[in-house]
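Provided herewith is a single structure, encoded as structure tokens, for subsequent inquiry.
Source: prediction; values computed, not measured. A note on names: the letters A, B, ... follow the listed sequences, proteins ahead of strands, and every chain is numbered from 1.
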Amino acid sequence: MGTSSTRTTPIVDPWEAWIGEVASRLARAAAEVGVPLGETAAAEQLEFSSAEGADLALPVHRLAAAAKEPPEALAARLAAAFPPGEPVLQARAEGAYVNVTLDPGELVATILSLVLGRGGEYGRAEAAGEPVCIEHTSSNPTGPLHVGRVRNAIVGDTLSRAARAAGGRVTTQYYVDDMGRQAAMVTWLWQQPREAWPEPVRASVEGQERPGEKVDHYRGRPYPALSAYLKEHRETAEAVAEFVRLIESGAAPAAHRALAGEILDAMLASLARLGIRFDEFVWESDLLKDGSVEKVLERLRAAPHALQEENGAWAIDAESYGLPKDSTHVVFQRGNGVSLYVTRDVAYHLLKFSRFGRVVDVLGQDHQLHARTLDALLAEIGEGRRPSYVFYQDIHAPGGGRMSTRGGSAVWLDDLLDEAFSRARAEVLKRRDDLSAEEVDRIAEAVASGAVRFHIVRVAPDKPVRFRWEDALSFEGRSGPFVQYAYARASSVLRKGEADSPPYPFDAKLLTDPEELALVRLLSRWPRTVAYAARSGHVHTLAGYAHDLADRFNRFYHALPVLTSGPSRESRIALVAAVRQTLANSLDLLGIVALPTM
RNA sequence: GGGCGCGUAGCCUAGUCUGGAUAGGGCACCGGGUUCCUAACCCGGCGGUCGAGGGUUCAAAUCCCUCCGCGCCCGCCA
């Protein structure tokens with residue numbers, strides 16, 4: 001718990017003051033009983049208590065060992081010497097722990113006032129500090145997004161939202177790679193009449209087109225067959241290679257970028273269904289046009305470990321940068337004078353550094369070595385800054401193995417969303433007959449999107465995931481719709497209570513049930529959760545929090561009446577309003593639509 | 001071979017950074033709950049050698065070492 005003092009972004013976290021106060025009193029108690037424990041050390045050793053009804057706990061093992069005293073005895077002495085008074089209700093020894101319980105009235109009053117007072121800002125900090133760039137997704141504009149790629153988008157978008165909430169001045173960027181071989185292949189093919197396509201490629205798309213389908217599916221469909229065909233046919237491969245050289249020389253036909261843009265727009269439309277949008281797009285080919293790639297080439301050629309090979313290619317001997325053996329020879333300019341992807345990525349990062357104080361890249365784990373190589377090249381040209389990386393592991397295909405467009409094992413994001421939508425629609429119709437068709441569709445789309453986002457973000461990014469349809473389409477248990485449902489339920493209570501908007505007067509002394517206090521304690525943890533997700537990149541903790549809060553609320557809902565609870569009615573309404581608000585705030589960071597009714 | 005990551009009940013997963021009190025959830029399965037604020041819900045039950053072994057420590061899922069298994073990367077591709 002020692003991070004509070006080093007935090008620079010002031011999220012309003014009630015625990016900061018409480019931990020400070022409890023630590024201060026523990027230090028006084030320690031002095032009283034004659035053991036060495038400073039306030040700072042106490043704050044660092046304090047943890048959230050797992051004992052029923054307690055808030056903070058201090059394990060005394062370490063102190064006891066130093067004092068050569070049985071831990072239980074020391075805990076008892078410390079608890080007895082703990083200075084009483086607000087906001088602490090009591091300090092009691094349990095085993096080797098001193099458990100501190102805050103006055104529930106103080107806890108409830110502070111938290112409810114904070115949540116209801118700040119509303120949508122609860123858990124958010126004032127935007128401050130240096131500007132941050134978060135680059136994510138950056139999928140090649142060559143065809144539809146599959147579920148594996150969308151993990152990048154969901155992790156990246158969630159991280160962006162969290163970083164923004166934590167006070168970052170965030171700009172999101174999508175790096176459009178229009179200079180790669182893949183994009184070249186797609187344009188090369190579509191530039192020719194269908195009759196001129198290699199027979200197997202034509203056959204692979206025949207009869208596959210669906211009326212009204214998105215252009216990323218339509219334009220991307222021949223890619224796998226073309227890719228396979230090129231492996232076997234040298235002449236065609238050479239024709240494509242020729243086109244690649246044209247693009248690399250900066251003389252790509254206008255149709256190339258137009259087609260890439262057309263496909264990209266279709267991909268972005270799918271991401272928009274998930275609530276994912278980008279602030280800026282940086283086209284790789286623009287880095288070539290504006291001369292920044294050439295500048296990087298010059299700097300690299302003049303770098304300390306640069307060397308030229310017989311055929312004219314240039315490389316950096318990066319052994320001194322700790323790259324794995326067999327990977328220390330980094331070619332940055334081909335024999336034909338053309339730059340490589342990593343070289344252009346250096347140019348891209350210099351551009352980012354020129355505008356942003358902090359640069360974050362969300363990358364698949366297969367880019368780990370690329371990232372280290374990029375770092376080495378930045379060092380070679382004397383650039384002191386580095387991006388920070390957030391890596392995520394693959395989502396494997398249902399049958400196992402990587403999702404591959406070429407191998408045909410990819411599950412398209414669009415198909416997943418469509419299937420989720422149709423199932424969600426059936427669920428809505430099952431329980432509602434009072435909604436217009438438009439309302440049903442709107443709810444179903446939000447549920448589908450929420451289910452997909454939650455399903456992917458809920459797992460720690462560094463864990464590999466095997467995609468399974470039945471799991472991805474689950475609307476129960478630990479799922480997006482579960483959280484959305486709790487929000488809708490809270491909204492319904494407030495609607496029925498004609499309390500859909502503030503003010504929410506309450507009397508903290510009336511909220512004393514364990515269910516109520518557990519809810520308030522959970523509410524109090526939201527700001528810390530946001531701060532942690534933003535600084536660690538562990539965005540899955542946001543999903544965990546949202547689920548836990550929804551779960552707690554469901555228990556409260558079943559255990560205690562709200563609207564028919566007599567004198568405590570108004571106070572419980574305020575509690576429900578605070579829960580609804582915090583559910584909304586957490587759903588917002590997860591990019592999931594909060595539905596007032598479903 | 002080298003580098004990086006992962007290994008927690010039948011399946012999925014939190015906790016590992018920062019070592020602490022009986023390892024939290026979910027799915028599936030079994031048994032209950034709706035004249036009452038939305039049952040996409042709740043309550044109870046079943047289910048764990050935290051991959052294996054060693055070490056550090058008062059204390060290890062967590063830190064260190066060795067090994068095993070799985071994935072990815074190691075291109076003048078991106």
* Using atom C1' of each nucleotide, how far apart are rC58(B) and rG19(B) to the nearest Å? -> 12 Å
* **T541(A) side chain, from C-beta outward: closest of rG3(B), rG15(B), rU38(B)** => rG15(B)
* To do: Side chain of S492(A) only, please: which of rU38(B), rG1(B), rC72(B) is the nearest?
  => rU38(B)
* So what does R62(A) hit on the nucleic acid, given a heavy-atom distance under 4.0 Å: a base, only sugar-phosphate, or nothing? -> base
* To do: Sticking with atom C1', work out how far rG32(B) lies from rG71(B), rounded to a whole angstrom.
  => 43 Å
* To do: Could you check whether S49(A) gets within reach of a base, just the sugar-phosphate, or nothing at all, counting any heavy atom under 4.0 Å?
  => base
* To do: Mind checking Y557(A) for me? I need base, sugar-phosphate or nothing, with any heavy atom below 4.0 Å counting as a touch.
  => base
* To do: Write down the distance separating the C1' atoms in rG51(B) and rU8(B), rounded off to the nearest Å.
  => 10 Å
* Which nucleotide, rC73(B), rC37(B), rC76(B), lies nearest any side-chain atom of L369(A)? -> rC73(B)
* Asked: Between rG5(B), rU38(B), rC37(B), which one does the side chain of L563(A) approach most closely?
  -> rC37(B)
* Asked: Base, sugar-phosphate alone, or nothing: which one does E470(A) contact when heavy atoms must sit under 4.0 Å apart?
  -> nothing
* Asked: At under 4.0 Å between heavy atoms, what does M598(A) touch on the DNA or RNA strands: base, sugar-phosphate, or nothing?
  -> base
* For rC12(B), take OP1 and OP2 only and decide whether either is under 4.0 Å from a side-chain N or O of H455(A). => no
* Structure fact -> Considering only heavy side-chain atoms of H558(A), the closest of rC42(B), rC77(B), rA14(B) is rC42(B)
* **Touch class at under 4.0 angstrom, heavy-atom based, for P561(A) against every strand present** => base
* Indicate, with a heavy-atom threshold strictly under 4.0 Å, whether K496(A) touches base, sugar-phosphate, or nothing. => sugar-phosphate
* Structure fact -> Out of rC76(B), rC6(B), rC42(B), minimum distance to the side chain of R555(A) belongs to rC42(B)
* Separation of the P atoms in rA60(B) and rG55(B), to the nearest angstrom -> 12 Å
* To do: Choose from rC6(B), rC73(B), rU38(B) the nucleotide whose nearest atom is closest to any side-chain atom of D462(A).
  => rC6(B)
* Working for ring-ring contact (aromatic ring centres under 6.0 Å, His included), residues H370(A) and Y341(A) -> CA-CA 10 Å; H370(A) 168 76; Y341(A) 170 73; 5.0 Å; yes
* Report the nucleotide, chosen from rC72(B), rC6(B), rU38(B), that has the shortest atom-to-atom distance to any side-chain atom of V493(A). => rU38(B)
* Quote, to the nearest angstrom, the P distance that separates rC63(B) from rC46(B). => 32 Å
* Asked: Expressed as a whole number of Å, how far does the P atom of rU66(B) sit from that of rG48(B)?
  -> 32 Å
* **Side-chain donor/acceptor contact of S491(A) with base of rU38(B) under 3.5 Å** => no
* P spacing across the pair rU16(B) / rG10(B), given as an integer number of angstrom -> 24 Å
* To the side chain of H540(A), which of rC77(B), rG15(B), rU16(B) is closest? -> rG15(B)
* Asked: Can you tell me how far P in rG25(B) sits from the matching atom in rG5(B), rounded to whole Å?
  -> 30 Å
* To do: Check the angle between the aromatic planes of Y545(A) and W526(A) and answer parallel, tilted or perpendicular using the 30° and 60° thresholds.
  => tilted
* To do: Consider the side chain of H61(A), meaning its heavy atoms from C-beta on, and name the nucleotide among rC58(B), rG15(B), rC77(B) that approaches it most closely.
  => rC58(B)
All N/O pairs under 3.5 Å across the protein-nucleotides 24-30 of chain B interface:
unit_1, atom_1, unit_2, atom_2, d
rG26(B), O2', R478(A), N, 3.4

